[in-house]
Amino acid sequence: MGIMSFPLLIMILIAFPLSSSGGKWTYDGPVGEHHWSRNYPYCGGAFQSPINFQPELLRFDPDLQPIQLQDYNLSSKEQLTLSNNGHSVQLSLPSRMHLSGLPHRYSAAQLHFHWGSSNTPTGSEHTINGKQFAAEMHLVHFNSAKYPNISVAVDKSDGLAVLGIFIEVGEFNPAFDQFLKYVNGIKYKGQKVQVAGFNIRELLPARLDEYYRYDGSLTTPPCYPSVLWTVFRNPVSMSLRQYLALATSLFSSQAQESAPMPLFGNYRKTQLMDNRVVLVSFQQGWGLHGATSVASPMQRTLVIQQLLNGDLADLADGGLHHLLPKLQRKPWAVKNWRNNPKQQRLGQATEKHQKNKDLDTTGNNPSVWKNTHASSYMGMFGINDDALCFVSLEKNVSVRLRRHHADAQMSQALRKAVFPELNLKSYLNCRSDLDLQTIRHLLRSRPTDEANELDQALTKVSQGHKQRSMTQYQGSALTKLTGQTQAAVLKNSHNMVPTNHRLQPMEWED
Ligand SMILES: *[C@@H]1O[C@H](CO)[C@@H](O)[C@H](O)[C@H]1NC(C)=O
Ligand SMILES: *[C@@H]1O[C@H](CO)[C@@H](O)[C@H](O)[C@H]1NC(C)=O
Ligand SMILES: *[C@@H]1O[C@H](CO)[C@@H](O)[C@H](O)[C@H]1NC(C)=O
Ligand SMILES: [Zn+2]
């Protein structure tokens, strides 16, 4: 309180100069995380990261494939840039390194760390049921199939894929020493050194098949909600000495600044869930809340692509169930399907076409389409579609087009409006993903025999089982959950897509 003394005012102006490009930010103090949204509106928006992986939010998804790392073994002749950007230690990565098994090719850009202080080694960003680890590493990748570089991808809803790795203090980790031994050369903000390439795979946990998956954001300003997060279940270790190298060697200030500011505690608090769920690739160890699961954004993308351009026979047998509410699968549904000669024909076509699919080199992983629940989706139409999928984007598009008597433009509108928003859509917890009406519209734009057969089969099954399941599921946990979600979705539908914030080219880390 009181009038600020002149030297103090000068100090504050030096420490926090007004900036034209979005502004300086820190984790604490007057430009700390609580104030980020003043200069970076997305930080105060929806779908932010990190989050706490609470058991109630987790949904087992049997279709999540192990993460596949490509070209991660770098030659020692390759030079990587290790830098201090004032917020973290960052190691540049060549874009040849990439992830496969996702719907797009995601190329590597950089990795960096978040950590605690020297006396409180709790600095991970994500937490597992409230447990915070000592540190967290982020391997940042961008959608290189769609965007020319990471600067263009960073604010797109399908722009980034980040791998998160928990770090605990324990055994010495030789992989981290490949670059941690050079941190004394980058003590101050803006400093860089070159380090020799090594096998980046060694920085990751042994098991790449156990992870949490959700849609979120950069954890630093400008906090764009553009990240498909994969956070591995199992931590890696580093020694206390290695941890202290991170926590005590670095400054967030530049070398010439008179008051050096130590760099530690560079993690953001966990954020609200905004109706999101977290898909989990493993079943043991978090309690069995996995009675229901939902399709991931990438599965939806694949299925919509298939509906628009792809092989419908494959879809009938392989992928359409991803778009439908996943409840207990009903054996009678499979039987109906198998007994219908038309549908059997579709099934045979699938096997034939699967061969071609396996040769697909466009980056789509054919294994995503193979699944053990072939045809069982037919039983899931019984649920009232409206009750499960409220304010979905495709419904919105469809309503608006119908209002303007422009049904024919459905496919194009979906391609334009729904595709880019698929990540955002999943935030709405829209559990049935595409309503039957929309699927029909899409099929109508493809006047092939296959499309007609599929459409007829869908109609038949949905009519046949609607009444039955309406009573079957009344009063179930699902109805309750649906009610809650509906309220939440309606509440949130207003600020769903922030449109009037101007994007500025700014510094960002992940
Ligand atoms: C990585 O590449 C080096 C040669 O550059 C090779 O000696 C080593 O065996 C490779 N490691 C793995 C795990 O493939
Ligand atoms: C990224 O690509 C865009 C569009 O091609 C280009 O204008 C921009 O200069 C590129 N940025 C970088 C950092 O390469
Ligand atoms: C549909 O989206 C538009 C903007 O794209 C929005 O103004 C409108 O409120 C939405 N309608 C519904 C029913 O969600
Ligand atoms: Zn990060």
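A quick note: this is a predicted structure, and the numbers were derived from the prediction, not measured. Read the numbers this way: they start at 1 and go in the same order the structure lists the ligands and their atoms.
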**Q** Tell me, with the steps shown, if Y147 and D158 meet side chain to side chain donor-acceptor pair (under 3.5 Å).
**A** CA-CA 10 Å; Y147 307 110; D158 59 355; 2.6 Å; yes
**Q** Does the gap between the ring centers of W36 and Y42 come in under 6.0 Å?
**A** no
**Q** Which atoms of ligand 1 have any heavy atom of N73 under 4.0 Å away?
**A** 1 (C), 2 (O), 3 (C), 8 (C), 10 (C), 11 (N), 12 (C), 14 (O)
**Q** Determine the interplanar angle of the H126 and F53 rings, folded into 0 to 90°, and report it as parallel if under 30°, tilted if 30 to 60°, perpendicular if over 60°.
**A** parallel
**Q** Under 30°, 30 to 60°, or over 60°: which ring-plane class applies to H138 and H112, parallel, tilted or perpendicular?
**A**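 H138 and H112: perpendicular rings.
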**Q** Flag the pair F47 / Y224 as yes when their ring centroid distance falls below 6.0 Å, and as no otherwise.
**A**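 They do not qualify: ring centres at least 6.0 Å apart.
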**Q** Is it the case that over 12 heavy atoms from other parts of the model lie below 6.0 angstrom from the CZ atom of F198?
**A** yes
**Q** Rounded to the nearest 0.5 Å, what separation is found between the CD atom of Q271 and the SG atom of C43?
**A**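 Between Q271 CD and C43 SG, I get 8.5 Å after rounding to 0.5 Å.
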**Q** Between the Zn ion (ligand 4) and H138, which N, O or S atom of the residue is the nearest one?
**A** ND1
**Q** For ligand 2, which of its N or O atoms have a protein N or O partner closer than 3.5 Å, and how long is each gap?
**A**
from: ligand 2; atom 1: 2 (O); to: N149; atom 2: ND2; distance (Å): 2.4
from: ligand 2; atom 1: 11 (N); to: N149; atom 2: ND2; distance (Å): 2.9
from: ligand 2; atom 1: 14 (O); to: N149; atom 2: ND2; distance (Å): 3.2

**Q** Please find the N/O/S atom of H114 nearest to the Zn ion (ligand 4) and write down its name.
**A**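 Going by distance to the Zn ion (ligand 4), the closest N, O or S atom in H114 is NE2.
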